[in-house]
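No hydrogens, no waters, no symmetry mates; every other heavy atom, side chains included, goes into these values.
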Amino acid sequence: MTRIERTILGIDPGLANTGWGVVHQSGSRLECVAYGCVSTSTDTPLEQRLGKIHQQVDAVIRRFEPTCCGVETVWFGQNITAAFATGQARGAALVACAQHGVEVGEYTPRQIKLAVVGTGTAEKEQVQYMVKQLLGLDAVPQPDHSSDALAAAICYTTHEDVLKAAERRQAAIEAALARDAKSARQNRRR
């Protein structure tokens with residue numbers, strides 16, 4: 001079996017605060033490379049806020065050259081407006097990933113908690129503690145958006161096989177649909 005060597009970006013999207021974290025994986029060993037947070041002000045026009053998120057995530061990708069990224073999905077709770085804003089911030093970050101060919105795995109908050117703590121109902125403090133432990137850090141990364149981003153990167157390491165299986169399944173479906181479409185065209189010509 002080949003030993004996995006890669007750098008993983010984690011993103012915790014938010015319009016006011018988009019956390020990012022970079023983890024290096026060497027086999028089963030995980031090491032925190034860097035983390036931070038892109039903060040935008042509510043008195044700044046939306047397009048400038050999204051532009052800042054894109055530019056800073058782009059800069060992180062250029063500097064640390066991750067090959068893959070774990071990103072938290074948008075959770076639609078009571079506040080639809082906040083979820084929509086988070087989705088826009090998420091999109092800005094994902095565009096930066098796409099521009100650099102970074103493979104993206106998308107995970108729900110429950111999946112991230114399960115991967116990091118072992119239960120999908122873990123409290124935020126439990127996730128932060130386990131991020132600190134799993135990455136051998138002296139303190140919990142701050143702000144908490146950074147810790148959440150590192151958790152998303154850790155989640156990527158545990159869900160990659162699931163992601164690859166889903167990609168293979170989607171490719172098989174697309175190939176079957178293409179064969180069906182080709183067959184239908186040939187039948188129409190007859």
Side-chain angles (χ1 to χ4, degrees), residues 3-41 52-53 56-57 59-61 63-79 82-83 85-87 89-90 92-94 96-97 102-166:
R3 181 183 173 100
I4 296 173
E5 282 285 335
R6 61 185 169 189
T7 302
I8 306 159
L9 173 64
I11 297 175
D12 176 42
L15 188 56
N17 297 291
T18 292
W20 60 269
V22 180
V23 171
H24 182 76
Q25 181 180 14
S26 179
S28 62
R29 186 171 177 273
L30 301 176
E31 176 186 7
C32 178
V33 176
Y35 58 85
C37 187
V38 181
S39 296
T40 67
S41 174
K52 181 178 181 181
I53 293 166
Q56 290 195 11
V57 170
V60 168
I61 293 170
R63 179 171 180 196
F64 298 106
E65 300 178 341
T67 56
C68 45
C69 174
V71 63
E72 187 173 316
T73 59
V74 178
W75 181 73
F76 286 92
Q78 300 279 350
N79 191 340
T86 300
R90 188 172 176 277
L94 290 177
C97 290
V102 175
E103 181 179 295
V104 174
E106 302 175 41
Y107 310 107
T108 66
R110 183 175 180 82
Q111 287 174 307
I112 292 171
K113 290 174 182 180
L114 183 62
V116 175
V117 180
T119 176
T121 58
E123 297 294 324
K124 190 170 201 65
E125 294 78 20
Q126 291 173 296
V127 174
Q128 292 172 339
Y129 174 79
M130 286 307 297
V131 164
K132 175 182 170 272
Q133 294 302 112
L134 291 169
L135 297 176
L137 301 172
D138 293 332
V140 171
Q142 294 296 323
D144 60 352
H145 306 289
S146 300
S147 185
D148 291 345
L150 289 167
I154 293 167
C155 183
Y156 186 95
T157 68
T158 64
H159 282 75
E160 181 188 21
D161 290 338
V162 173
L163 179 67
K164 294 291 185 193

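- With sequence neighbours excluded, no residue forms a salt bridge (charged side-chain N to carboxylate O under 4.0 Å, His left out) with Glu123.
- Here Gln142 contributes atom CD and Tyr35 contributes atom OH; the two are 8.0 Å apart, rounded to the nearest 0.5 Å.
- Among residue pairs with one or both ends in residues 23-40, those qualifying as salt bridge (charged side-chain N to carboxylate O under 4.0 Å, His left out) are Arg29-Glu31; sequence neighbours excluded.
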Please tabulate, for the side chains in residues 11-18, all donor-acceptor contacts under 3.5 angstrom to protein atoms that are two or more places apart in sequence or on a different chain.
| from | atom 1 | to | atom 2 | distance (Å) |
| --- | --- | --- | --- | --- |
| Asn17 | OD1 | Ser39 | OG | 2.7 |
| Thr18 | OG1 | Gly14 | N | 3.2 |
| Thr18 | OG1 | Gly14 | O | 2.6 |

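- Taking 4.5 Å as the limit, some side-chain heavy atom of Thr121 sits within range of a side-chain heavy atom of Arg110.
- Considering every non-hydrogen atom in both Val23 and Ala153, the closest pair reads CG2-CB, 3.8 Å.
- Shown here for Phe64 and Ala34, the closest heavy-atom pair between the two residues is CZ-CB, 3.5 Å.
- Here the CG atom belonging to Leu137 is positioned 7.0 Å from the CG atom belonging to Leu150, to the nearest 0.5 angstrom.
- Partners of Thr67 under the side-chain hydrogen bond (donor to acceptor under 3.5 Å, both in side chains) rule, at least two apart in sequence or in another chain, do not exist in this structure.
- Between Arg6 and Glu103 there is no salt bridge, since none of the side-chain N atoms of the basic residue sits less than 4.0 Å from a carboxylate O of the acidic one.
- A donor-acceptor pair under 3.5 Å links the side-chain atoms of Gln25 to the main chain of Gly27, judged by distance alone.
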(Q) With side-chain contact (heavy atoms from CB on, under 4.5 Å) as the criterion, how do Trp20 and Val57 come out once you've worked through the C-alpha distance, each side chain's angles and the decisive distance to 0.1 Å? (A) CA-CA 8 Å; Trp20 60 269; Val57 170; 5.5 Å; no
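- Here Ser41 pairs with Asp43 under the side-chain hydrogen bond (donor to acceptor under 3.5 Å, both in side chains) rule; sequence neighbours left out.
- Nearest approach of Leu134 to Val116, heavy atoms of both residues: CD1-O, 3.9 Å.
- Side chains of Glu72 and Gln111 form no contact here, defined as non-hydrogen atoms less than 4.5 Å apart.
- Taking Ala115 as the reference, Cys155, Thr158, His159 meet the side chain to side chain contact (heavy atoms under 4.5 Å, CB included) condition, with sequence neighbours excluded.
- Considering every non-hydrogen atom in both Ala93 and Ile53, the closest pair reads N-CG2, 4.3 Å.
- Screening residues 14-23 for salt bridge (charged side-chain N to carboxylate O under 4.0 Å, His left out) gives no qualifying pairs among residues at least two apart or on separate chains.
- Judged by distance alone, with hydrogens and angles left aside, the side-chain atoms of Ser146 form no donor-acceptor pair with the main-chain N or O of Gly19 at under 3.5 Å.
- Closest approach of Pro66 to Val102, counting heavy atoms only: O-CG2, 3.6 Å.
- A search for side-chain hydrogen bond (donor to acceptor under 3.5 Å, both in side chains) contacts involving Thr73 returns nothing, not counting sequence neighbours.
- Each side chain to side chain donor-acceptor pair (under 3.5 Å) pair with one or both residues in residues 129-141, not counting sequence neighbours, would appear here, but there are none.
- Residues in residues 146-156 take part in these salt bridge (charged side-chain N to carboxylate O under 4.0 Å, His left out) pairs, two or more places apart or across chains: Lys124-Asp148.
- Under the salt bridge (charged side-chain N to carboxylate O under 4.0 Å, His left out) criterion, no residue pair touches residues 13-22, with sequence neighbours excluded.
- A 4.5 Å side-chain heavy-atom check between Gln128 and Asp144 finds at least one atom pair inside the cut-off.
- Considering only residues two or more places apart in sequence or on other chains, Thr40 meets the side-chain hydrogen bond (donor to acceptor under 3.5 Å, both in side chains) condition with Arg49.
- Across all their heavy atoms, Lys113 and Gly120 have their closest contact at CD-O, 3.5 Å.
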